[in-house]
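A quick write-up on the structure given underneath.
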Amino acid sequence: MAGHSKWANIKRQKAVVDAKKGKTFTQLSRAIIVAARSGVPDPALNFQLRTAIDKAKAASIPNDNIERAIAKGVGTFGGDNAIFEAIRYEGYGPGGVAILIEALTDNRNRTAADLRVAFSKNGGNLGEVGCVSWMFDQKAVCVVQGVVDEEQLLEASLEGGAESYEMTEDEMADVFTDIGNLETLSQALKNQGFKVTDAEFRWIPSNSVEVTDPDQARSLFKLIDTLEGLDDVQNVTANFDIAEEYIFPRNLS
């Protein structure tokens, strides 16, 4: 089963030295609002909502905030009628690196303007829909911790309909499946005693641009940091590969 999560590995390595990589309260709350609006407001019956709530709790968002976000999603929270929509934006970073941005916004003009400024100030360009998405495939991914028996992981993954898996760190793996099979795979892994710490849709680049220049690496990470810092942005994916030593700020100074 082939592995293909270089970008996920880069993000994990970056997170070690970059505390602000965690999702903000605003970003996670919006995910709950959209999940509650798109299905039943009961997390036991709505996998998307249950997953969004789990991420919010992992980020220490108070239960009151979570309940408020659910109420906004179902329209029972007075005084807030904002309607959020999911939009994908595409562009190029320094060196021609392809970048996909997933956003939840109640004002697409504002979001596009913010993204355009972020790209232009950091050596990139916001492009048209379709300009880079052809270089990515969307997959559903379960992140599993506590993997001590890879053979057991393989059996559980196949039982859950997985397409592939990759050991990413000690006792940690990414298990990939079709986007319509995420809940089934997650439950199958849990039934076999594995700890699923995240279940998400992820864009997987079909090719990568190798970054070998530290100045270009610095510019790319500054752009990505800026994009991820915007409240409307939920996720950023890029198709570059980079040496580990360039990820750490102490080696870019």
Using 0.5 Å steps for rounding, measure from the [atom1] atom of [X] to the [atom2] atom of [Y].
{"X": "E228", "Y": "L223", "atom1": "CD", "atom2": "CG", "result": "10.0 Å"}
{"X": "Q187", "Y": "C142", "atom1": "CD", "atom2": "SG", "result": "10.0 Å"}
{"X": "S29", "Y": "D231", "atom1": "OG", "atom2": "CG", "result": "10.5 Å"}
{"X": "L182", "Y": "T51", "atom1": "CG", "atom2": "OG1", "result": "6.5 Å"}
{"X": "D232", "Y": "E102", "atom1": "CG", "atom2": "CD", "result": "13.5 Å"}
{"X": "N122", "Y": "L220", "atom1": "CG", "atom2": "CG", "result": "9.5 Å"}

Nearest atoms (heavy-atom pairs only) where [X] meets [Y]:
{"X": "L189", "Y": "S157", "result": "CD2-OG, 4.0 Å"}
{"X": "A98", "Y": "M135", "result": "CB-CE, 3.6 Å"}
{"X": "A69", "Y": "I33", "result": "O-CG1, 3.3 Å"}
{"X": "L153", "Y": "Y165", "result": "CD2-CD1, 3.8 Å"}

For this session: Test R37 against V74 for side chain to side chain contact (heavy atoms under 4.5 Å, CB included), laying out the working first.
Result: CA-CA 5 Å; R37 181 173 294 136; V74 298; over 6 Å; no

So, do [X] and [Y] sit near enough that their side-chain heavy atoms are less than 4.5 Å apart?
{"X": "E171", "Y": "V148", "value": "yes"}
{"X": "E150", "Y": "M167", "value": "yes"}
{"X": "E159", "Y": "Q192", "value": "yes"}
{"X": "I32", "Y": "I70", "value": "yes"}
{"X": "V40", "Y": "L49", "value": "no"}
{"X": "T237", "Y": "R202", "value": "no"}
{"X": "F194", "Y": "V147", "value": "yes"}
{"X": "Y92", "Y": "V132", "value": "yes"}

For this session: Mind running side chain to side chain contact (heavy atoms under 4.5 Å, CB included) on K222 and K121 for me, showing each step along the way?
Result: CA-CA 10 Å; K222 185 178 179 182; K121 286 187 175 181; over 6 Å; no

For this session: Could you check K139 against D178 for salt bridge (Lys or Arg N to Asp or Glu O under 4.0 Å), going step by step and ending with a plain yes or no?
Result: CA-CA 6 Å; K139 294 292 181 183; D178 182 79; 5.5 Å; no

For this session: Check the pair T197 / V144 against side chain to side chain contact (heavy atoms under 4.5 Å, CB included), numbers first and verdict last.
Result: CA-CA 6 Å; T197 59; V144 183; over 6 Å; no

Exercise. Is the count of non-hydrogen atoms from other residues, nucleotides or ligands lying under 6.0 Å from D170 atom CG greater than 12?
Worked result: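 Not buried by this count: 12 neighbours or fewer within 6.0 Å.
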
Exercise. Do other residues, nucleotides or ligands put more than 12 heavy atoms under 6.0 Å from the CZ atom of R110?
Worked result: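 Counting neighbours around CZ of R110, more than 12 heavy atoms of other residues, nucleotides or ligands fall under 6.0 Å, so yes.
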
Exercise. Applying the side chain to side chain contact (heavy atoms under 4.5 Å, CB included) test to T177, which of T184, L185, V141 qualifies?
Worked result: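 When T184, L185, V141 are each tested with T177, the side chain to side chain contact (heavy atoms under 4.5 Å, CB included) holds only for L185.
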
Exercise. Among I224, V233, T111, N235, which residue meets the side chain to side chain contact (heavy atoms under 4.5 Å, CB included) test with I101?
Worked result: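 Single side chain to side chain contact (heavy atoms under 4.5 Å, CB included) partner of I101 among I224, V233, T111, N235: V233.
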
Problem set entry | Distance flag, aromatic centroids of Y89 and F119, threshold under 6.0 Å |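 They do not qualify: ring centres at least 6.0 Å apart.
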
Exercise. Any side-chain donor paired with an acceptor under 3.5 Å for T105 and E85?
Worked result: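 No, E85 and T105 have no side-chain donor paired with an acceptor closer than 3.5 Å.
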
Problem set entry | Donor on one side chain, acceptor on other, N63 and E67, under 3.5 Å |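 Per modelled atom types, N63 and E67 side chains form no pair under 3.5 Å.
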
